[in-house]
Protein chains: 2
Amino acid sequence: MTNTWLITNVRPHAGPRADGCVDVSIAAGRIAAIGPNLPREPGVTVEDGAGALLLPGFVEGHTHLDKTLWGMDWYRNEVGPKLTDRIENERRYRAESGHDAGAQSLALARAFLQAGTTRLRTHVDIDTDAGLRYLDGVLATRDALRDVLDMQIVAFPQSGVLRRPGTDALLARALQAGADVLGALDPALIDGDPVASLNLSFELAQRYDKPIDIHLHEPGELGAFTLGLLLDRVEALGMQGRVVVSHAFCLGALPEPARDALLERLADLRVALLTTAPSSTPVPPLKACLQRGVTLFGGNDGIRDTWTPYGSPDMLERAMLIAMRYGLRRDDDLALAFDCVSSVAAHACGFSEYGLHQGARADLVLVAADTLAHALVARPPRKLVVAHGRIVARDGVCVEDLIEH
Amino acid sequence: MTNTWLITNVRPHAGPRADGCVDVSIAAGRIAAIGPNLPREPGVTVEDGAGALLLPGFVEGHTHLDKTLWGMDWYRNEVGPKLTDRIENERRYRAESGHDAGAQSLALARAFLQAGTTRLRTHVDIDTDAGLRYLDGVLATRDALRDVLDMQIVAFPQSGVLRRPGTDALLARALQAGADVLGALDPALIDGDPVASLNLSFELAQRYDKPIDIHLHEPGELGAFTLGLLLDRVEALGMQGRVVVSHAFCLGALPEPARDALLERLADLRVALLTTAPSSTPVPPLKACLQRGVTLFGGNDGIRDTWTPYGSPDMLERAMLIAMRYGLRRDDDLALAFDCVSSVAAHACGFSEYGLHQGARADLVLVAADTLAHALVARPPRKLVVAHGRIVARDGVCVEDLIEH
């Protein structure tokens with residue numbers, strides 16, 4: 001499938017049905033041409049799109065492939081309500097159960113591909129109990145799927161970086177071993193010392209010249225305080241455009257003047273926000289972010305793990321949940337939710353050559369749906385998924401030789 | 001299928017897998033027996049449940065069958081943001097498009113059955129433009145499915161009852177024509193006169209001896225005020241146990257003392273609350289309701305209509321959204337969300353003979369899932385749906401002769 005081939009008769013998502021169908025020519029893993037009635041050279045393989053909607057491959061902006069129990073027997077969640085309950089429970093479960101981060105991350109990554117996701121950012125736990133074991137598993141998955149799935153790995157200190165001495169050295173090793181991004185977690189509420197925690201994270205990121213993606217669950221005014229400290233460091237150290245703040249619940253619960261002051265700094269410093277759009281927690285305001293030029297993109301967080309029974313490798317479902325969370329109903333508004341798991345997420349994470357234009361990487365999804373909004377709410381199995389120019393799934397099922405090629 | 005038959009090898013939802021399997025004997029539309037190793041009389045039809053999870057038929061507590069565009073071409077939503085925009089847009093659309101409430105309600109009701117819902121409460125628009133036209137359509141659907149689907153119809157003044165003179169007379173006719181429940185809508189914000197609006201509704205309900213189900217979207221303190229007026233009338237007129245307040249957003253946004261005072265009155269007067277668990281709006285507090293004995297149950301609201309692109313006839317999805325909205329993660333907590341679309345909804349609406357015990361109506365759903373929580377988040381097509389003792393769907397598809405029998 002690295003030679004030239006053609007998908008005919010598809011409707012790019014931006015246009016209504018009346019716009020008519022186009023063809024897509026694919027060569028060497030890229031979109032060679034896109035437009036109506038492309039020439040059909042003799043001998044070239046042709047896939048008939050049959051009028052399906054054409055979407056760019058989806059982008060998962062924040063998940064935890066190493067934790068998932070996807071495809072395993074059901075895990076009965078009896079965990080306490082606090083963040084620390086969940087952290088302790090998971091560390092214990094993984095130590096005792098022999099949970100295999102390699103096999104599990106591969107199973108979930110394949111499910112992502114099957115549903116149309118061709119780029120993803122995953123956080124991977126690094127801690128002093130497990131060392132780099134989970135990272136090794138996820139690196140193996142990334143390697144196995146390297147031809148079809150663009151995977152960014154965040155070295156994530158799930159148990160904090162200050163509380164457990166030696167974690168910083170492990171994070172350094174993880175960055176040297178192939179992690180792309182330095183993770184961090186609640187500098188005040190988990191590490192107990194926001195200044196020292198942030199200083200350590202920024203020092204590490206600078207030393208290894210890596211971007212940062214920090215989990216910030218801290219609520220209200222405390223979260224705003226920590227976020228302010230973080231933005232000071234982005235500015236002082238010149239890390240504009242290289243930092244993501246995941247969750248940022250605080251921005252959903254501040255008085256508007258305080259919130260808007262932070263949004264302005266986020267826009268100026270090109271710090272992006274990631275939301276899973278949880279329905280039970282305040283979330284950063286989508287439309288205020290758009291108005292002020294703050295990048296807000298979407299992801300699942302964990303999928304069926306010891307933390308949560310929820311989540312799905314189908315990013316159309318996440319887009320629907322984002323749309324519902326922000327009270328969006330109009331078709332043009334639902335398109336904003338889809339942007340969060342496609343173009344905006346690609347931009348925020350730095351996935352390059354993204355989109356449906358000539359020269360972009362040929363990451364394509366065909367869905368039998370009338371419009372984009374219809375695709376989000378109906379979510380039929382994907383008719384065809386193309387990753388880097390190769391067909392990886394058909395009618396909702398991965399092709400068998402996904403890894404071997 | 002009115003004779004005795006047997007389902008073997010199923011796991012009732014309350015028990016873990018280790019509890020082992022049971023059989024269910026069905027006779028004359030009821031559960032004749034349920035337990036391990038029931039005797040297999042010669043000649044009796046046996047369905048092998050193959051270890052599937054056994055759930056009671058689901059209950060949809062609040063939908064609008066008459067409005068749906070289910071199965072039609074996608075409706076491009078370009079509607080303004082206000083409640084009145086949506087009301088006006090819909091009335092115009094329905095007048096101009098020839099939307100067929102009979103055919104559409106039948107299509108959606110079949111989809112409900114297919115996914116395991118065997119009882120539902122639907123609101124049907126009654127207004128001075130359309131008269132009883134939508135009601136006639138839904139009554140025809142109820143009649144067509146009477147052997148398999150228990151349908152309660154609420155005569156619902158979508159455009160208000162005071163604003164458009166003659167609406168009250170139409171509601172009276174609807175109650176005489178077969179509607180089971182009197183509906184109402186925002187006495188202050190739509191009708192503009194909460195006392196006069198509520199007095200009119202209660203007078204009508206009393207005259208025709210019908211329960212009330214009122215849409216109360218009014219927020220915060222205004223909603224609390226209207227709710228107080230409503231509770232006064234329930235008490236004064238002896239309508240305890242016969243009133244449902246749908247949505248009740250106000251209870252999600254009041255200071256706790258004011259909220260709890262209302263919850264106590266709701267419990268005392270046995271007034272139930274219906275939530276769709278919207279993620280962008282405050283909702284009545286589930287656990288506080290449980291603690292205080294307030295009945296809180298669940299429903300979709302409209303499904304793919306001119307109001308909303310969302311909604312699904314799969315009540316397991318609604319249960320999941322309810323669980324997510326209330327931040328539930330533990331298996332025992334997810335069971336509370338399932339209660340909202342099963343036993344608690346049946347109790348609140350007054351659907352009788354409900355459950356998995358001997359003598360209950362044989363409304364049964366078989367799902368290939370490890371546990372109830374797994375069923376909520378995975379939602380595989382239903383292996384078998386039994387309504388009133390008859391198989392109505394198999395492997396996610398309605399049996400063909402659903403209506404004829």
Side-chain angles (χ1 to χ4, degrees), chain A residues 16-18 53 69-81 85-86 89 252 276-281 283 285-287 302-312 317 320-334 337 369-379, chain B residues 16-18 53 69-81 85-86 89 252 276-281 283 285-287 302-312 317 320-334 337 369-379:
Chain A
R17 183 157 251 168
L53 199 66
L69 312 174
W70 189 257
M72 295 172 62
D73 283 347
W74 185 251
Y75 174 79
R76 188 174 289 263
N77 186 315
E78 296 173 327
V79 187
D85 293 334
R86 293 173 182 143
N89 175 72
T276 67
S279 56
S280 61
T281 307
V283 289
L286 174 64
K287 292 217 168 168
I303 295 176
R304 288 203 208 164
D305 53 32
T306 66
W307 289 64
T308 175
Y310 307 118
S312 164
E317 181 170 311
M320 182 186 75
L321 293 172
I322 290 170
M324 292 172 82
R325 181 64 181 89
Y326 289 110
L328 310 179
R329 301 183 181 206
R330 292 167 54 100
D331 280 58
D332 51 6
D333 279 339
L334 264 68
D370 289 354
T371 68
L372 182 56
H374 187 202
L376 259 59
V377 302
R379 305 183 301 285
Chain B
R17 183 155 251 169
L53 198 66
L69 311 175
W70 188 257
M72 294 172 62
D73 283 346
W74 184 252
Y75 174 79
R76 187 173 289 263
N77 187 315
E78 296 173 327
V79 186
D85 293 334
R86 292 172 184 146
N89 175 70
T276 66
S279 56
S280 61
T281 307
V283 289
L286 174 64
K287 292 218 167 167
I303 296 175
R304 286 202 209 165
D305 53 31
T306 66
W307 289 64
T308 175
Y310 306 117
S312 163
E317 180 170 311
M320 181 186 76
L321 293 172
I322 291 170
M324 292 171 83
R325 181 64 181 89
Y326 289 110
L328 310 179
R329 300 184 182 206
R330 291 168 54 101
D331 280 59
D332 51 6
D333 280 339
L334 264 68
D370 290 353
T371 68
L372 182 55
H374 187 202
L376 259 59
V377 303
R379 304 185 302 286

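The chains referred to below are lettered A, B, ... by the order of the sequence lines, with proteins before strands, and numbering in each begins at 1.
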Sort A:Val377 into side chain, backbone, both or neither according to what part of it lies under 4.5 angstrom from a heavy atom of chain B. both
Is a side-chain N or O of A:Asn77 found less than 3.5 angstrom from the main chain of B:Asp331, in a donor-acceptor match? no
Heavy-atom check, side chain of B:Pro309 versus side chain of A:Arg329, under 4.5 Å: yes
Restricting to ring-ring contact (aromatic ring centres under 6.0 Å, His included), what partner residues turn up for B:Trp70, sequence neighbours left out? none
Heavy-atom closest pair (A:Tyr310 atom, B:Ala323 atom, distance to 0.1 Å) is OH-CB, 3.0 Å
Minimum heavy-atom separation for B:Ser280 to A:Met324, with atom names? CB-O, 3.6 Å
With chain A as the partner, which of B:Gly327, B:Gly311, B:Gly80, B:Ala373 has the greatest number of non-hydrogen pairs under 4.5 Å? B:Ala373
Top contributor to chain B interface from A:Val283, A:Leu328, A:Asp332, A:Thr281 [non-hydrogen pairs under 4.5 Å]: A:Leu328
Closest heavy-atom pair and its distance - B:Arg325, A:Ser279: NH1-O, 3.0 Å
For B:Trp74, check ring-ring contact (aromatic ring centres under 6.0 Å, His included) against everything at least two apart and list the hits. A:His374
Name the region of B:Leu376, side chain, backbone, both or neither, that has any atom closer than 4.5 Å to a heavy atom of chain A. neither
Short question: side chain of A:Arg330, backbone of B:Glu78 - any donor-acceptor pair under 3.5 Å? yes
If you take all heavy atoms of B:Leu321 and A:Leu321, which pair is closest and at what distance? CD2-CD2, 3.8 Å
Got a second to check how far A:Met320's CE is from B:Ser312's OG, nearest 0.5 Å? 8.5 Å
